[in-house]
Amino acid sequence: MFQDIEKRIVAAAEAALLQKFSLSLRVSLEQPKQTNFGELAIPVAFQLARELKKAPKAIAQELVSAMGPVDGVAAFEIAGNGFINVRLDRAAYTAMLFDKGLPAPQPAPNAPKTIVEHTNINPNKAAHIGHLRNAILGDTFVRMLRRAGERVEVQNYIDNTGVQVADVVVGFHFFEKKTVDDVKALIVSTGRPFDYYCWDLYAQVSAYYGQNAEALEWRAEVLHSIEEGSGEIAELAHLVADAIVKAHLKTMYRLGIEYDVLPRESEILHLQFWATAFELLKRREAIFLETEGKNKGCWVMPSSAFRVIGGKDKAADIEEEPEDKDDSKVIVRSNGTVTYVGKDIAYQLWKFGLLGKDFYYKPWTRYPDGHEVWVSTDRSVVENAPHFGGGREVFNVIDSRQSYLQDVVVAGLRALGFNEEADRSVHFSYEMVALSPRTCVEMGIQLSEEDKKKPYVEVSGRKGLGVKADDLLDKLIETAQAEVDDRHREADAGERRQVAEIIAVGALRYFMLKFTRNSLIAFDFHEALSFEGETGPYAQYSAVRAGNILKKYEERFGPLDFREQLTPAGLQRLFESEDLWQLALLVSKVDHAVRRAIQAGEPAHIAKYAFQLAQAFNTFYHDYRVIDETDVERRVGLVWLTSFFREQLRETLGVLGIEIPRYM
RNA sequence: GCGCCCGUAGCUCAGUUGGAUAGAGCGAAUGACUUCGAAUCAUUAGGUCGGGGGUUCGAGCCCCUCCGGGCGCACCA
């Protein structure tokens, strides 16, 4: 809606530029600083001032006269030193909103696929708040893309053969002397959840290595067995990884996060994805066998492939330190095994459909809503399994600390000649979640003298230091529940629990999304448990209030039927009020907000927009007694605005993965 | 040492490809509930946008430099 008008204005301005000055350039619009300047502004006169050697104001004047009338625009005004401010035709705009609504664009059936990979938690312990940020960011970005009409596939990569799983297996096998059956019993037992059990065990094993370096041989033995793929230890590893993946998916589902496919490292190994990629890399000479230095005997990628030498004169640098081969990245170790980066290059090739190989798939689980998750397998066991991978664009939601490795992966693609795919490989990076010192104290975490001096403390799985996702969610539900119980003693207990859960999820998701990606979050219980101010519950509350008005209205005046009760003339009179018009305008910008947020790659922008919507409505709620309005036409108009707001806020919150509770 | 990121109100953060008078939330102070329930709203106080230089009609944003902080630079992932 809003975008349609934007497009028309841009087109008219560009046409005028061409006609008046024979200039062909892209015109951009911006939001005026103050609402009384109009709804949009065209700042193009400024950038032309020098080129045309004219005052911006004069240029703006000429452009406006050349533009003529634009559908949906009431007037163009020259303001300031040369802004062209746009005033929309309010009556026409609101009539269109009323008439057509804002249909969400549908994904084209054969549209190119966008792949978003997120979560990717090592399947050896419970998920913690750092993982939550990853999954919530990834899931929200998926929702944004889908809302914009894109076809999206969600992947959650499972490293079920790595060191972290091996260490927990070391714990079960060597420390606790547990058999496969023992662990199976542990998984189904009603005691401490299995992922929590592993959390502690992993921390114990890590600590033990610190004291007993010789124990690392156990890890090597386990890793070796996993690679062999048979025997008690390998079976243990599979058991642990699968059980933990189940736990992770369950945790994430509590937050409304679903996946389409779980590609596993075990299949990347068994199906020899790496061997294929290795051949490609050797053939294209993207990597070479190092014959001297510390990397002797390894296949390496030269640093020049993935490092841009910044600033200084390159020749001078080379003269001083001739080709530092130590900077090369090892892809294949001297013992012939491939590193994580190597596997990741193969995996990234698969995501684009460039490897010439695919996994087999089988169903992993079906969510209560009917959506099915598939997992990779190494042989065909299901007929008509869907096809995954082969995306046009790939977003990898990964912690910013791994940017160096992501650069190497992209360089690998580039070295193979896949430049376009390299350009469409996006490291969707974000800063870590750490713990505030206050929260550490609350949790009884012993801090070292060094840590005490820091403004925050890094989460560490190996130290078992962190806030588990399920614990946090439970605590949020408990806090919300107390409020709900207090306010709605009469309501059904089961329903109150549901409401509390929706509020808790709203609080958590909003908290993780309100910060931009590269802002480090120092997690603090006090802040996260707050339901006031710029929070998810604040937005939910405004939607609930709107719902209450609608409910009350129907109780008193009968069913809503705007078509019957509202006329264009009535709308026009209503939106002569500046504040009501501003509210309607803001509410109409959902798609505009989503598009801009995608462009910026910032889910936080949608969160901000949702908050602004809620804030605007709360002010309206305070200023207008909708039900008590005696003028019938006006009353119906206010109710329509309320309904429109609720509908659009629901859409916006939906993009954030936040639901609206029945009451609050 | 090299590379990347950050420094905006007491605190936590926004700030659209450089545009009009730098904005929120929390915290502080004051005020507003006989029900569309205050998980709210209104008002006030609070800024040399880390320092300096440059580019520009115009800089929180771009360039240089200095100061302060974080992360990365494994034959771990």
Side-chain angles (χ1 to χ4, degrees), chain A residues 26 28 30-34 37 41 43 46-47 49-50 55-56 79-83 85 120 122 159 162-164 294-300 303 307-311 317 321 324 326-327 329-335 337-341 343-344 399-405 407 429 431-432 434 454-456 458 480 483-484 487 503 514-516 518-522 524 526-527 530-535 537-538 540-542 544-553 555-556 596-597 599-600 602 604-605 608 611-612 615 618-619 621-628 639 642 663-664:
Chain A
R26 284 196 56 188
S28 58
E30 61 184 48
Q31 185 93 16
K33 206 73 186 169
Q34 291 177 43
F37 289 162
F46 296 106
Q47 63 193 89
R50 182 133 61 125
N81 295 324
F83 282 99
N85 289 339
N120 299 9
N122 268 301
D159 181 5
V163 173
Q164 294 213 20
K294 68 166 192 171
N295 292 333
K296 184 176 177 182
C298 298
W299 285 87
V300 303
S303 63
R307 279 229 175 94
V308 184
I309 295 172
D317 279 1
E321 35 179 328
D324 193 351
D326 288 357
D327 280 352
K329 180 67 199 169
V330 172
I331 305 295
V332 179
R333 305 183 185 101
S334 53
N335 67 5
T337 58
V338 60
T339 61
Y340 156 78
V341 187
K343 281 181 281 195
D344 219 26
D399 174 349
S400 66
R401 285 172 293 188
Q402 298 203 39
S403 62
Y404 160 69
L405 295 170
D407 287 347
S429 70
E431 267 293 345
M432 64 174 169
K454 294 182 175 175
Y456 53 83
E458 197 172 339
E483 287 285 330
V484 173
R487 289 159 198 246
I503 293 169
K514 70 192 283 191
F515 305 96
T516 49
N518 67 8
S519 169
L520 186 149
I521 299 178
D524 187 273
H526 180 73
E527 277 178 41
S530 164
F531 296 160
E532 290 167 15
E534 195 186 340
T535 65
Y538 174 94
Q540 289 171 319
Y541 186 62
S542 74
V544 166
R545 284 176 136 184
N548 289 346
I549 293 177
L550 299 176
K551 203 169 78 184
K552 209 78 177 184
Y553 178 90
E555 278 170 21
R556 200 176 297 182
R596 295 208 75 121
Q599 211 172 356
E602 279 295 359
H605 292 173
K608 184 65 86 181
F611 176 66
Q612 284 168 349
Q615 210 173 27
N618 276 334
T619 305
Y621 183 93
H622 187 259
D623 291 346
Y624 293 83
R625 298 285 133 142
V626 176
I627 301 297
D628 296 337
V639 174
T642 301
Y663 53 79
M664 281 181 82

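Please read these numbers as outputs of a predicted model, since none were measured by experiment. Convention: sequence-line order gives letters A, B, ...; per-chain numbering from 1.
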Test of understanding: with side chain to side chain contact (heavy atoms under 4.5 Å, CB included), list the residues that count as partners of [X], not counting sequence neighbours.
X	value
A:Asp524	A:Ser436, A:Arg438, A:Thr439, A:His526, A:Glu527
A:Ser519	A:Phe515, A:Thr516
A:Asp159	A:Asn122, A:Tyr157, A:Thr161, A:Glu265
A:Arg556	A:Ile627, A:Asp628

For [X], check ring pair (Phe, Tyr, Trp, His ring centres under 6.0 Å) against everything at least two apart and list the hits.
X	result
A:Phe46	A:Phe83
A:Tyr541	none
A:Tyr456	none
A:Tyr340	none

Identify the pairs formed between an N or O of the protein and an N or O of nucleotides 15-20 of chain B at a distance under 3.5 Å, and give each distance.
residue, atom, partner, partner atom, Å
B:G15, OP1, A:His605, NE2, 2.8
B:U16, O2', A:Arg596, NH2, 2.2
B:U16, O2, A:Arg596, NE, 3.2
B:U16, O2, A:Arg596, NH2, 3.3
B:U17, N3, A:Ser28, OG, 3.0
B:U17, O4, A:Ser28, OG, 2.8
B:A20, OP2, A:Lys33, NZ, 3.3
B:A20, N6, A:Asn85, OD1, 2.7
B:A20, N1, A:Asn85, OD1, 3.4
B:A20, N1, A:Asn85, ND2, 3.2

Contiguous Watson-Crick or G-U pair runs (3 or more, under 3.5 Å) in RNA chain B: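 If one scans RNA chain B for consecutive Watson-Crick or G-U pairs, the stems found are B:1-7 with B:67-73, B:10-13 with B:23-26, B:28-32 with B:40-44, B:50-54 with B:62-66.
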Are any protein N/O atoms closer than 3.5 Å to N/O atoms in nucleotides 24-31 of chain B? If there are, list each pair with its distance.
residue, atom, partner, partner atom, Å
B:G25, OP1, A:Gln615, NE2, 3.2
B:G25, O2', A:Glu534, N, 3.4

Using the 3.5 Å cut-off, write out each protein N or O paired with an N or O of nucleotides 58-62 of chain B and the distance between them.
none

